[in-house]
Amino acid sequence: MSLPKDIKDLSKDELAAWLVRHDIKPYRANQIQKWVYVRQADSFQEMTDLSKDLRAFLAEHFAIERLNVLKVQTSRDGSKKYLFGLRDGNRMESVLIPERNHYTLCVSSQVGCAQGCEFCCTARGGFIRNLTAGEIVGQVRDLIREIGGGPEDAMRLTNIVFMGMGEPLANYENLLKALKIIVEDDCGFRFASRRVTVSTSGLVPKIERLGTDSPASLAVSLNAADNETRSRLMPINRKYPLEQLVEACRSYPLKSKRRITFEYILIKGVNDSPADAVRLADLLKPVRAKINLIPFNEFSGCEFKRPEESAVIRFQEILMERHYTTIVRHSKGADISAACGQLRAKAE
Ligand code: SAH
Ligand code: SF4
């Protein structure tokens with residue numbers, strides 16, 4: 001017999017439609033989701049504002065899944081990597097990063113990734129499958145419970161970044177469902193949309209859709225400012241070259257004061273010269289952009305090297321002289337391979 005469906009795989013509209021098909025009032029969907037996401041219910045029995053019959057009926061058809069924690073590793077800088085086992089035996093990871101007065105959670109959107117970027121550890125294992133919507137929001141739900149962050153707690157989870165395993169825009173429908181629940185005010189997680197960031201390697205048609213479908217913030221992994229270098233590092237660039245990517249970013253609907261974040265991994269001798277910095281500044285002129293520079297995180301089996309600190313500073317200076325907000329991000333959790341892009345649940 002197959003297991004009952006995880007109720008978190010359904011959007012509110014889908015749940016309401018399911019209820020209507022069973023002669024139940026659609027507004028119950030809101031109540032049910034409130035129990036699941038706001039009150040962290042683990043069973044339908046707890047849902048005391050529903051009739052006993054309805055609770056039993058729901059329990060016949062649905063489960064409220066938790067992710068199975070296989071391992072937790074804590075980095076010297078305090079970030080924690082959670083390895084989760086999924087129903088079908090696959091594995092994926094999330095990273096909880098303590099910042100000055102809040103937590104940021106880095107979530108995965110796929111098991112593995114099909115994009116094949118040369119510098120990325122996740123790419124090495126290839127693509128296994130998309131995460132379901134329930135598995136994506138499950139990372140948020142379970143880690144909110146884990147840190148016990150109620151509204152009154154000092155250290156709350158306030159930021160979510162889709163920078164774990166996978167290319168979120170390649171799992172678009174499930175990403176959208178998850179985003180809706182994450183920012184939903186009444187029966188969801190109530191995150192401020194500007195604190196939820198979707199990072200993409202540059203799936204241009206999906207970037208265009210995301211702009212109309214979700215208020216989340218956009219980050220683009222750029223990593224090179226000319227097509228030749230970018231196509232070498234990121235195969236997706238052969239399909240959607242820089243001209244198309246920059247145009248999609250230029251026309252992306254942004255609320256006032258918001259900008260698109262461009263992530264640029266600095267790799268020694270590949271994309272870290274002053275000329276590269278100038279090219280990058282020119283390339284992004286049409287876009288409301290800020291830039292995160294990430295010195296490459298070395299990992300075994302990859303010959304790329306991290307540049308000298310002086311090259312990183314020079315690169316940053318060139319961008320700042322050209323009026324770009326430019327931050328150097330030393331990835332957290334590097335010692336436990338929790339750094340973004342380093343996530344790869346090791347197969348047995
Ligand atoms: N697929 C999406 C989101 C996951 S990757 C994307 O590519 O944007 C998240 C970030 O990790 C990306 O910005 C990527 O450029 C970065 N990253 C990947 N490998 C890295 C490495 N070895 N060192 C530093 N950053 C890396
Ligand atoms: Fe996939 Fe992003 Fe890694 Fe590229 S950088 S392989 S898109 S996870």
Side-chain angles (χ1 to χ4, degrees), residues 79 81 92-95 97 104-131 136 139 160-172 175 178 196-204 206-207 210 216-225 229-240 245 248-249 260-268 270-272 280 290-307 312 327-345:
S79 38
K81 179 167 79 167
M92 58 109 172
E93 295 168 316
S94 313
V95 186
I97 305 156
T104 293
L105 178 62
C106 176
V107 296
S108 294
S109 55
Q110 301 182 313
V111 183
C113 185
Q115 306 303 323
C117 303
E118 283 294 323
F119 49 78
C120 176
C121 193
T122 302
R124 300 287 161 116
F127 173 71
I128 312 288
R129 71 165 170 88
N130 281 328
L131 294 183
I136 300 174
Q139 298 168 66
I160 295 184
V161 294
F162 282 81
M163 293 185 187
M165 292 173 89
E167 167 50 54
L169 295 189
N171 184 11
Y172 193 77
L175 170 74
V196 180
T197 303
V198 176
S199 176
T200 180
S201 55
L203 275 61
V204 166
K206 296 287 167 47
I207 291 177
L210 189 71
S217 300
L218 180 68
V220 174
S221 296
L222 199 61
N223 303 325
T229 310
R230 193 163 194 270
S231 291
R232 184 152 73 84
L233 295 175
M234 307 178 73
I236 187 77
N237 195 68
R238 294 170 207 158
K239 199 163 177 194
Y240 305 114
L245 180 56
C249 293
I260 297 176
T261 302
F262 289 87
E263 292 155 297
Y264 193 104
I265 303 176
L266 287 163
I267 306 171
K268 189 174 186 172
V270 173
N271 64 358
D272 64 339
L280 176 60
K290 60 181 172 187
I291 300 169
N292 283 347
L293 299 175
I294 311 159
F296 177 68
N297 261 304
E298 297 175 8
F299 60 94
S300 66
C302 187
E303 73 282 15
F304 290 145
K305 293 275 172 273
R306 164 191 291 248
V312 175
I327 293 167
V328 179
R329 291 226 180 271
H330 288 277
S331 301
K332 304 253 179 147
D335 55 320
I336 54 167
S337 302
C340 288
Q342 301 267 292
L343 297 184
R344 179 174 162 205

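Remember, it's a predicted structure, so these values are computed and weren't measured experimentally. Side chains are part of it too, since the values below use all heavy atoms of this structure and drop only hydrogens, waters and symmetry mates. As the structure lists them, so they are numbered: ligands from 1, and atoms in each ligand from 1.
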- Message: With heavy-atom distances below 4.0 Å as the criterion, list the atoms of ligand 2 near A123.
- Response: 6 (S)
- Report the C-alpha distance between N130 and Q110 in whole Å, list the side-chain angles of each, state the deciding distance to 0.1 Å, and finish with yes or no for side-chain hydrogen bond (donor to acceptor under 3.5 Å, both in side chains). CA-CA 4 Å; N130 281 328; Q110 301 182 313; 2.8 Å; yes
- Going by atom types only, do E167 and S109 share a side-chain donor-acceptor pair under 3.5 Å? no
- Atoms of ligand 2 close to Q115 [distance to a heavy atom under 4.0 angstrom, numbered from 1]: 1 (Fe), 7 (S)
- Run the numbers for me: atoms of ligand 1, each under 4.0 Å from some heavy atom of T200, listed by number. 6 (C), 8 (O)
- Can you tell which of G164, C120, C302 gets a heavy atom nearest to atom 4 (C) of ligand 1? G164
- Query: If you count the atoms of ligand 1 from 1 in the order shown, which ones are under 4.0 Å from a heavy atom of S221?
  - Reply: 6 (C), 7 (O), 8 (O), 12 (C), 13 (O), 14 (C), 15 (O)
- Message: I'd like to check whether G166 has a polar contact with ligand 1, where a contact means an N/O of the residue lying under 3.5 Å from an N/O of the ligand.
- Response: yes
- Under-4.0 Å heavy-atom contact with ligand 1, by part of E263 that carries it: side chain
- Task: List every atom of ligand 1 that sits less than 4.0 Å from any heavy atom of F162, numbering the atoms from 1 in the order shown and giving each element.
- Result: 3 (C)
- Note on the structure: Taken to the nearest 0.5 Å, the spacing of Q139 CD from S94 OG works out to 3.5 Å
- Taking only heavy atoms of F119 into account, list the atoms of ligand 2 that are under 4.0 Å away from them. 5 (S)
- Counting backbone and side-chain atoms alike, does C120 have an N/O/S atom under 2.8 Å from atom 3 (Fe) of ligand 2? yes
- Task: Give the atoms of ligand 2, by number and element, whose distance to some non-hydrogen atom of G166 is under 4.0 Å.
- Result: 8 (S)
- Considering only heavy atoms of C113, which atoms of ligand 2 have at least one such atom less than 4.0 Å away? 1 (Fe), 6 (S), 7 (S), 8 (S)
- Roughly how far, to the nearest 0.5 Å, is CG of L233 from OG of S201? 12.5 Å
- Is any side-chain N of the basic residue among E298 and R306 closer than 4.0 Å to the acidic one's carboxylate O? no
- Looking only at heavy atoms, which two atoms of K206 and L169 are closest? And how far apart? CG-O, 3.6 Å
- Quick look: S201 vs ligand 2, heavy-atom contacts under 4.0 Å, and the answer is side chain
- Note on the structure: One should read off an interatomic distance between F299 CZ and N297 CG, to the nearest 0.5 angstrom, of 9.5 Å
- Message: Any donor-acceptor pair under 3.5 Å linking the side-chain atoms of E93 with those of S108?
- Response: no
- Message: The criterion is side-chain contact (heavy atoms from CB on, under 4.5 Å); which residues satisfy it with S217, sequence neighbours excluded?
- Response: R194, T197, R258
- Query: Taking only residues two or more places apart in sequence or in another chain, which ones pass side-chain contact (heavy atoms from CB on, under 4.5 Å) with R329?
  - Reply: N292, I294, I327
- Item | Element-labelled atoms of ligand 1 that are located less than 4.0 Å from some non-hydrogen atom of N223 | 15 (O)
- Query: If hydrogens are left out, which of I294, I265, I236, V198 has an atom nearest to atom 20 (C) of ligand 1, that is, the closest non-hydrogen atom?
  - Reply: I265
